[in-house]
Amino acid sequence: MQRRFKFVFCVGLLLFGSQVLLLNRLNSGTMKKANTQDTGKDSEETIEIPESTPTEHSVATKSDTKLQAGKYQKVHVFYYQWYANPEFDPEMGYNHWNHRVLPHWDANIRKKFPYNIKYEPPYDLGCSYFPERGSYSSSDPKLLEQHMESLKDYVVAISWWGQADKKNSRDGEGNPTDRLTVPILDAAVKFGTQIAFHIEPYTDRSALSLSDDIKYIHERYVSHKSCYKESHKNAQNEERFLPLLYMYDSYHIPTQDWRSLLTPGGKRTIRDTPNDALVFALCLNPNEIDNIAHSGFDGIYTYFGSDGFTPGSTFSKWKSIVEKAHQKGLLVSISVGPGYDDVRIRPWNSANTKSRDNGKYYDRAWTAAIEANPDYISITSYNEWMEGTQIEEAIPQYLDETIYSGRPFAYQNYSPLAPDYYMTKTHEWAEKFVQHKNKE
């Protein structure tokens, strides 16, 4: 995520069993410590949006009718709408598919790996797997419909980098993702797909800017039939239907600022106002749960679907995390994923690759998540190709030469499994989760 390409790396000591883990977060060329102090930045790209592409779109279609959510509404899928190609985005080229190779923060390691090289799509891509749909554009209306149809049974949490008309509202590769919110909602409505928001850490994000963002989301999008809204009773026992907002990197904003936004009586409170919402904090460590509850959040999620990246994403800790969060009155969304592989953009990070093991890794994640009995299970991800966490269809592809090494390169694929294996498997596991919850 802008910093895009989320990852927790070495910086900031966290006790993990008998070992000390060093954690740091790296996103699309910007490295952040857990305490928000910068450790260095790559220069960011700015993409000029063509005049034919609106940067300020109309309010989503008004409707008092709420679509019935998909049958697996307790399963949420993180979705990324930042891909471009020249056919649909002539001013943006192959944005994100041509992602640059990122430098390591340590000079001694950095000099061992070429960096700031950009890949050359449509076939030489900055990811370890090759999409069955090729180097597609998120602006392609047919593509959006295909995606929304594929995800119609789930709640889709779209990557949202702030309001379209704000200068800082772009991801780390310069893509203003809000320009596609209405097209996604409109594509989703055709299939009954429900849309939630994954609020990303755009530049200068704060409690003040988020207060304005939440109002903006309510005014423009919440009335749309495709916007996911969950039943919630306020202090007066009145039922309301509230949108769901996942807050990525929530720990970068001070507790007192969150309290001003998320607790009754706070200076900028959304509670029991027309702008109220269900707001989930990213939980890196179960030790953070008390503070998250004190901050006024409604729930937590773990995002990193990779065992051991953080204590929060460690399979063996999920049950205790759920129990502790529930004791604090928090909802819980445990995040699962099929694997992790980002070496095309971080060639120095192979030690953190998580093999898919012919689908067995995904099975283990789902098994542990269901046994932990969370309120929701979230999937990282549908299409975060650069980190290799996608469940979207992939196919074999071979290059005679890749720009990074000048040598032949074979993309990974799901073989001997089918290209749609992870989509099929997700359906099977979602059904098991729903059956599990129905027994309660």
Side-chain angles (χ1 to χ4, degrees), residues 4 47-63 65 67 69-70 77-98 121-122 125 127 130-165 169-171 173-198 200 216-217 220-228 381-386 390-395 419-420 423:
R4 203 10 259 198
I47 301 295
E48 295 299 326
I49 306 302
E51 293 181 2
S52 59
T53 303
T55 58
E56 185 174 354
H57 31 253
S58 60
V59 176
T61 305
K62 296 285 185 181
S63 174
T65 303
L67 280 181
V77 184
F78 294 116
Y79 179 87
Y80 298 94
Q81 68 273 25
W82 52 31
Y83 298 104
N85 68 31
E87 179 181 0
F88 292 93
D89 317 279
E91 300 298 322
M92 299 175 72
Y94 284 103
N95 190 250
H96 271 278
W97 297 118
N98 65 352
L125 310 180
C127 46
F130 195 87
E132 184 177 59
R133 294 181 173 96
S135 47
Y136 56 72
S137 167
S138 297
S139 301
D140 179 354
K142 291 184 178 179
L143 182 281
L144 288 179
E145 289 191 4
Q146 291 171 2
H147 281 178
M148 294 303 107
E149 184 176 19
S150 295
L151 296 169
K152 64 183 179 182
D153 290 328
Y154 315 103
V155 174
V156 179
I158 63 173
S159 177
W160 196 80
W161 287 84
Q163 302 172 37
D165 58 350
S169 298
R170 297 166 184 259
D171 65 30
E173 295 298 294
N175 196 325
T177 60
D178 186 38
R179 68 192 178 95
L180 292 176
T181 304
V182 169
I184 290 172
L185 289 167
D186 288 346
V189 79
K190 298 179 181 181
F191 308 101
T193 312
Q194 297 283 278
I195 304 300
F197 291 84
H198 197 188
E200 306 276 16
Y216 172 95
I217 288 171
R220 294 193 172 230
Y221 306 134
V222 171
S223 63
H224 197 288
K225 288 183 178 181
S226 294
C227 183
Y228 177 69
S381 64
Y382 177 70
N383 62 339
E384 219 294 21
W385 287 90
M386 281 69 213
Q390 78 288 337
I391 60 172
E392 189 180 8
E393 294 84 351
I395 58 173
D420 64 350
M423 292 300 298

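When a residue number appears, it is its place in the shown sequence, counting from 1. Predicted model only: the values in this text are computed from it and were never measured.
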So, taking the atom named CG in Asp171 and the one named CD in Gln81, what distance separates them when rounded to the nearest 0.5 Å? 9.0 Å

Shortest non-hydrogen pair, Arg179 vs Pro176, comes out as CG-O, 3.1 Å

Any residue meeting side chain to side chain contact (heavy atoms under 4.5 Å, CB included) with Glu132, in chain and number order, not counting sequence neighbours: Glu393, Ile395, Pro419

Taking ring-ring contact (aromatic ring centres under 6.0 Å, His included) as the definition, give me every residue that meets it alongside Tyr154, ordered by chain and number, with sequence neighbours left out. Tyr72

Quickly, which of Glu200, His198, Glu384 forms a side chain to side chain donor-acceptor pair (under 3.5 Å) with Ser159? Name it, please. Glu200

For a side chain to side chain contact (heavy atoms under 4.5 Å, CB included) check, start with the C-alpha distance between Gln163 and Ile217, then their side-chain angles and the critical distance, and finish with the verdict. CA-CA 9 Å; Gln163 302 172 37; Ile217 288 171; over 6 Å; no

Rounded to the nearest 0.5 angstrom, the OG-CE distance for Ser139 and Met92 is 7.0 Å

Mind checking side chain to side chain contact (heavy atoms under 4.5 Å, CB included) for Ser135 and listing every partner two or more places apart, or none if nothing turns up? Tyr94, Trp97, Pro122, Leu125

Distance from Leu185 atom CG to Leu180 atom CG, nearest 0.5 Å? 11.0 Å

Spacing of Tyr80 atom OH and Ser138 atom OG [to the nearest 0.5 Å]: 12.5 Å

Are the side chains of Asn95 and Tyr83 in contact, using a 4.5 Å heavy-atom criterion? no

What pairs with Gln146 under side chain to side chain contact (heavy atoms under 4.5 Å, CB included), at least two apart in sequence or on another chain? Arg133, Leu143

So Met148 and Ile195, side chain to side chain contact (heavy atoms under 4.5 Å, CB included) or not? Walk me through it. CA-CA 10 Å; Met148 294 303 107; Ile195 304 300; 3.9 Å; yes

State the NZ-CG distance between Lys190 and Leu144, to the nearest 0.5 angstrom. 10.0 Å

Holding to side chain to side chain donor-acceptor pair (under 3.5 Å), I want the full list of residues that pass it with Asn383, two or more places apart in sequence or in another chain. Tyr136

Ring-plane angle category for His96 and Trp82, please: parallel below 30°, perpendicular beyond 60°, tilted otherwise. parallel

Hey, does the side chain of Asn85 reach the backbone of Phe88 with a donor-acceptor pair shorter than 3.5 angstrom? yes

Taking C-beta and beyond as the side chain, do Tyr382 and Ile391 meet within less than 4.5 Å on heavy atoms? yes

With Ser137, which residues qualify under side chain to side chain donor-acceptor pair (under 3.5 Å), at least two apart? Asp89

If only atom types and distance count, is the side chain of Thr177 paired as donor or acceptor with the main-chain N or O of Trp161 below 3.5 Å? yes

Check whether any side-chain heavy atom of Met423 lies under 4.5 Å from a side-chain heavy atom of Leu151, and answer yes or no. yes

Between Ser169 and Gly162, what is the shortest heavy-atom contact and its length? OG-C, 3.4 Å

Go through the side-chain N and O atoms of Asp178 and Tyr221 and say whether any donor and acceptor fall under 3.5 Å apart. yes

Working to the nearest 0.5 Å, report the span between CG of Asp140 and CD of Glu87. 7.0 Å

